[in-house]
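Keep in mind the model is a prediction, meaning the values are calculated, not measured. Residue numbers begin at 1 in each chain, while the letters A, B, ... track the order of the sequences.
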Amino acid sequence: MKTENQRGWLFVLPVLLLVAFNALIPLMTVVNYSVQETFGNNQFFWHGLGWFEDILRSERFHAALGRQLFFTFTILAIEIPLGVIIALAMPRKGFWVPVCLVLMALPMLIPWNVVGSMWNIFTLPEIGLLGYFLNDVLGVNYDMTQQPVAAWITIIVMDVWHWTSLVVLLAYAGLVSIPDAYYQAAKIDGASNWSVFRYIQLPKMKRVLTIAILLRFMDSFNIYTEPFTLTGGGPGNSTTLLSIDLVKIALGQFDLGPAAAMSLIYFAITLAVSWLFYTLMTKDEQ
Amino acid sequence: MALELRDVTKTLGAETHIYPTSLKFEAGGFNILLGATNAGKSTLIKLMAGLEKPTTGEVWVEGQNVTGVLPQKRQIALVHQFFVNYPHMTVFENIASPLRVQRMSRSDIETRVRAAADVLQLGPMLDRRPQELSGGQQQRCALARAIVKESKAIFLDEPLANLDYKLREELREQLPDILGERGTVVVYATSEPTEALLLGGKTALVHEGRVTQVGRTTEIYHMPTDLTSARVFSDPPINFAPVTKKGDEIWMGESITWPVAGDVAALPDGPFTVAIRPHHITPFKSDQASVEIHGPVKITELSGSESVAHFEINGEIWVSMSRGVFPFRVGEMCKFHMTPDDCFYFRPDGQLVAKGRRNG
């Protein structure tokens, strides 16, 4: 027999309150700002969808979005294959397994702003180890504070250094969960290394790779701290990614309305692309 | 077709997995490797298949030394306890995969895959993927992959272990038909004595890295040459007790005794170990010569048709298994009967020296 009462709500209430205060209410505040205009003095005027229109038409937003997409897809194109290759090359048993795992985990343990500062100092032409080596030893003119290309290369290399490990660890977890029996069956069939990768390892890693791609997409699409500490969005606006631009509008210019509208558009894009990725990657499982 | 291990050993570091072993298996019927988990059955299979290299010794197939030859060059097939199929390929593609590697023509592949699928009743499932199949069907798919190509030997490493009871029975009944008379050496590893008896053929008993006895399955069941073999080939476990022969009598403990008969009469006086299978110990008197034994019941198990009681006797736990339903109660003293003619007698070093008249 089933008795019905409302007691269940009591159990949900704490979570509901927590989510309300750390997610829903702040988000609603942003929604509130995005449809109003303010001239200070805590006075607000209804502005409808005006800010959204402005942002979507703004060339500055288009440029930042373009840079953001370029950044995200570049690092995905490097980190995912590289991570899989490293995972494949890692030992499966023995003394070196924990050593490799710890070495892999190290970059991820470093706080984001520290990573940014490290790479900043590392690549500065006069004082940085790499900067000095490139400029004064190899004679390559490399200065990320002056050259957009150098700034981009540094940002991408930094992100690859910081986050490829995540892909490695996920792919490795997928690899070690494949029972030996599969490799034995492949050996008896006489399958080549490529076939083993294509028909056993890759399909078995598919789930973890889906997660790796999603995590890396969301994380890199929302990246702020590392490029901000490294280049501050410069030289000029050449490495001003979406989040850096957003902070400039919100806190630099204190344009609350446009910044709020931009936040919501930003959020919607992240959500939509993540959903698209997930649906595409898992569609043959349904 | 014959497959032979000649003085093969396998050591890994300081651990010995296989002690010197020689075995010869021939085509026709099952060649069973029977032993507990970790006894070395899988290692023996891997050595025969070429997945592992023997530390010393040789592997011969059809009069040729194949030690060190890669598994794919040996024309063999292996079916695992786990259902090993390529996850993203259809059943058809899975069964076809060994033939594709051999670069067989498209039409030949089609005919052969359909034939193998028919034998394994997978005809209607050829377009599905392995994860859409039941466990039994997945293992059928793996079996189809094994029989679709011409092979000199097929190894089955506890192929039914991960199936539930019903499917296991069903597939086991069909296995002889599936593997058929194809001039292939069939090696079948199992940890279940009952399975070995049901499949028949020839059995090698494996215990802690050694083959303790080889022979026709029914023969070695009726005549274990030593204590270990008797232990490996009995389910539920065979009962043991130390006994002493004094003149014309055998004494078990202080109170149980029976007169010697047959082979046993020729034994010298002294200590022996007696072994008797659980189904020869019954709660009712089955024979004129049977001996009465008593003990407190520790555990009881009732299946639909059999009653099992674990009871204590002279400090040993013995098992009685009998047809019919008997109401044993845990903790109660119970009376059991055993017939000396069903006993095996082993020397202190474990060798069989005599057996009761009813054991073959």
K.L.:
Under a 3.5 Å cutoff, is there a donor and acceptor pairing between the side chains of B:Q174 and B:R140?
P.N.:
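Yes - a donor-acceptor pair under 3.5 Å links their side chains.
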
K.L.:
Select one option (side chain, backbone, both, neither) describing which atoms of B:R145 are under 4.5 Å from chain A's heavy atoms.
P.N.:
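B:R145 touches chain A through side-chain heavy atoms alone.
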
K.L.:
Evaluate the ring planes of A:F217 and A:F73, with Trp represented by its six-membered ring, and classify them as parallel (under 30°), tilted (30 to 60°) or perpendicular (over 60°).
P.N.:
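Plane angle between 30° and 60°, so tilted.
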
K.L.:
Identify which part of B:F155 has an atom lying under 4.5 Å from any heavy atom of chain A, answering side chain, backbone, both or neither.
P.N.:
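Nothing of B:F155, per the 4.5 Å heavy-atom cut-off to chain A.
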
K.L.:
Counting only non-hydrogen atoms closer than 4.5 Å, does B:K73 touch chain A with its backbone (N, CA, C, O), its side chain (CB onward), both, or neither?
P.N.:
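When you check distances to chain A, no heavy atom of B:K73 falls under 4.5 Å.
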
K.L.:
Among A:G190, A:A181, A:S192, A:A186, single out the residue with the greatest number of heavy-atom pairs under 4.5 Å to chain B.
P.N.:
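Top option by heavy-atom pairs under 4.5 Å: A:A181.
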
K.L.:
Please classify the contact of B:A142 with chain A as side chain, backbone, both or neither, using a heavy-atom distance under 4.5 Å.
P.N.:
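Contact with chain A is absent: no heavy atom of B:A142 under 4.5 Å.
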
K.L.:
Do B:E169 and B:R172 make a side-chain contact, defined as non-hydrogen atoms from C-beta onward lying under 4.5 Å apart?
P.N.:
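When only atoms from C-beta onward are counted, B:R172 and B:E169 do touch, with a gap below 4.5 Å.
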
K.L.:
Closer than 3.5 angstrom, by distance alone: can the side chain of B:S151 be matched with the main-chain N or O of B:I147 as a donor-acceptor pair?
P.N.:
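A pair under 3.5 Å: no.
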
K.L.:
Which answer fits B:N85, side chain, backbone, both or neither, if we ask what part of it has an atom under 4.5 Å from a heavy atom of chain A?
P.N.:
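Backbone of B:N85 only, per the 4.5 Å heavy-atom cut-off to chain A.
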
K.L.:
Tell me whether the rings of A:W152 and A:F71 are parallel (<30°), tilted (30 to 60°) or perpendicular (>60°).
P.N.:
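Aromatic pair A:W152/A:F71 classed tilted.
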
